Structures are given as structure tokens and as C-alpha cells.
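Please read these numbers as outputs of a predicted model, since none were measured by experiment.
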Amino acid sequence: MNVSHASVHPVEDPPTTDGANAPMVRMKDTEGMPGTRGGLALRFFQFFFAAAALVVMATTSDFPSVSAFCYLVAAAGLQSMWSLLLAFIDIYALLVRRSLQNCRIVSLFTVGDGITSTLTFAAACASAGITVLIDNDLSSCSKNHCVQFETATAMAFISWFTALPSFFMNFWSLASR
């Protein structure tokens with residue numbers, strides 16, 4: 001009979017599954033998450049494009065007459081301040097080699113990214129609608145600053161496009177815990 005015995009092939013006890021004694025394994029930081037070079041690059045581009053939208057729109061003399069353009073200036077200003085603040089935090093984390101994968105920090109980043117990206121997208125859509133109205137429907141681009149309005153709107157959309165990966169990476173990090 002070919003049966004192996006415990007004395008011939010010892011078997012170890014399986015590890016317990018309770019959370020108190022389980023070894024902590026930390027996932028590697030994915031590029032684009034807070035505290036990484038990819039995250040810093042995303043924050044820089046968010047800031048750059050939001051600031052460009054803000055400056056281009058604010059340099060026109062007649063943007064205060066349209067509420068959608070005022071909303072774009074406010075949203076781009078908020079997006080640029082938020083992105084600049086988080087870029088400084090990313091720079092600090094990279095310099096001192098700290099991970100920003102704390103649940104509370106990631107929650108704050110996720111909520112902030114979600115709010116600012118939603119506001120930026122809504123402002124860019126509203127401004128795009130007004131720009132199309134002025135250009136195509138009213139045909140009064142010669143009296144307005146259509147090129148500046150379109151440029152600021154495009155910069156706001158690009159800023160929103162660069163804010164989405166930050167939001168999704170932070171949200172994914174929270175959801176995978």
C-alpha cells in the first residue's frame with residue numbers, strides 16, 4: 001500500500017485568517033496616484049491648463065457680461081488652486097519619499113478631485129454652448145472675442161481631461177481597500 005504518513009511528509013498548519021495576525025502587504029504605488037511622479041505630472045498639467053483658461057478668459061473685456069464665462073473663470077480658478085496645492089503636496093512626498101496612501105488622505109483627494117473636475121467640466125460645457133451660440137447662431141464673432149472664448153473653453157476641457165485620471169486613480173485606490 002502506497003500511502004504517505006504524516007511522519008514521512010509533515011504538513012504545516014495553514015495560516016489563520018483573522019485580521020489581527022495577518023501580514024500587511026502594501027501594493028506598489030501606481031503612477032498617477034498621489035505622491036508619485038505621474039501624479040505630480042497630472043497635477044502640473046491640470047494647473048497649467050486651468051490657469052491658461054483663467055488668464056485667457058480674464059483678459060477679455062466682455063466676459064463678465066455672460067454668466068457662463070464668469071462660471072468658467074471661477075471654476076478654472078478653483079481647479080488651478082486645488083491642483084497647485086496638491087502638486088506641492090506631491091513634491092513634498094517625493095522629496096521625503098513618503099507614501100500618500102493613507103485612507104483619509106486619499107479620500108480627501110478623491111472628493112476634491114471629483115468636485116473640481118465636475119465644476120470644470122460643467123463650466124467648460126456652459127462656455128462651449130455660449131461660444132457656439134455667439135459664433136454659429138448669432139454670427140456676431142466680429143463684435144466679440146470668440147477666439148479667446150474658444151481658447152479658454154478648450155483649455156478648460158483639457159484641464160478636465162487631465163483631472164479625470166487623478167480622480168479615477170484615487171477612487172480606484174479607495175475602492176480596492
Next item on the list: Go through the steps for Gln148 and Thr59 under the test side-chain hydrogen bond (donor to acceptor under 3.5 Å, both in side chains), then give the verdict.
Entry: CA-CA 9 Å; Gln148 286 91 347; Thr59 57; over 6 Å; no

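Pairing each heavy atom of Met33 with each of Thr36, the nearest pair is O-OG1, 2.6 Å. What you find for Ser107 and Cys103 is that their closest heavy atoms are OG-O, 2.8 Å. Across every non-hydrogen atom of Ala53 and Ala156, the tightest pair is CB-N, 3.8 Å. Taking every heavy atom of both residues into account, Thr162 and Pro165 meet most closely at O-CD, 3.5 Å. Nearest heavy-atom pair, Gly35 versus Ala93, reported as atom, atom and distance to 0.1 Å: CA-CB, 4.0 Å.
The same ILVMFWY cluster, assembled from side-chain heavy atoms under 4.5 Å apart, contains both Phe88 and Leu95. Residues Ile134 and Phe63 share a single hydrophobic cluster, defined by chaining ILVMFWY side chains whose heavy atoms lie under 4.5 Å apart. Hydrophobic clustering (side-chain heavy atoms under 4.5 Å, transitive across Ile, Leu, Val, Met, Phe, Trp, Tyr) groups Tyr71 together with Ile115.
Residue pairs meeting the ring pair (Phe, Tyr, Trp, His ring centres under 6.0 Å) criterion with at least one partner in residues 139-171, sequence neighbours excluded, are Phe69-Phe149, Phe121-Trp160, Phe167-Phe171. Under the ring pair (Phe, Tyr, Trp, His ring centres under 6.0 Å) criterion, no residue pair touches residues 37-60, with sequence neighbours excluded. Residue pairs satisfying the disulfide (SG to SG under 2.5 Å) criterion with at least one member in residues 61-101, sequence neighbours excluded, are absent. Residue pairs that meet the salt bridge (Lys or Arg N to Asp or Glu O under 4.0 Å) test with at least one member in residues 60-82, sequence neighbours left out, do not exist here. The list of salt bridge (Lys or Arg N to Asp or Glu O under 4.0 Å) pairs with a residue in residues 34-59, not counting sequence neighbours, reads Arg43-Asp113.
If you chain together ILVMFWY residues whose side-chain heavy atoms come under 4.5 Å of each other, Leu174 ends up grouped with Val106. Its side chain outside the 4.5 Å cluster rule for every partner, Leu42 clusters with none of the Ile, Leu, Val, Met, Phe, Trp and Tyr residues.
The disulfide bond (SG atoms under 2.5 Å apart) test applied to Cys146 returns Cys141, not counting sequence neighbours. Not a single side-chain hydrogen bond (donor to acceptor under 3.5 Å, both in side chains) links Asp135 to another residue, sequence neighbours left out. For Asp90, the salt bridge (Lys or Arg N to Asp or Glu O under 4.0 Å) criterion is met by no residue, not counting sequence neighbours. Considering only residues two or more places apart in sequence or on other chains, Thr116 meets the side-chain hydrogen bond (donor to acceptor under 3.5 Å, both in side chains) condition with Gln79. Applying the side-chain hydrogen bond (donor to acceptor under 3.5 Å, both in side chains) test to Ser173 and every residue at least two apart in sequence or in another chain returns Gln101.
In this structure, Thr120 OG1 and Leu164 CG are separated by 10.0 Å, a value rounded to the nearest 0.5 Å. Between the CG atom of Leu85 and the OG atom of Ser80 there is a distance of 11.5 Å, given to the nearest 0.5 Å. In this structure, CG on Leu72 lies 10.5 Å from SG on Cys125, to the nearest 0.5 angstrom. Note that the CD1 atom of Ile89 and the CG atom of Leu94 stand 12.0 Å from one another [nearest 0.5 Å]. Atoms OG1 and CD1, on Thr153 and Ile130 in that order, are 10.0 Å from each other to the nearest 0.5 Å. The distance from atom CG of Asn170 to atom CG of Leu100, rounded to the nearest 0.5 Å, is 9.5 Å.
Formation of a donor-acceptor pair under 3.5 Å by the Ser117 side chain with backbone atoms of Gly114 is found in this model.
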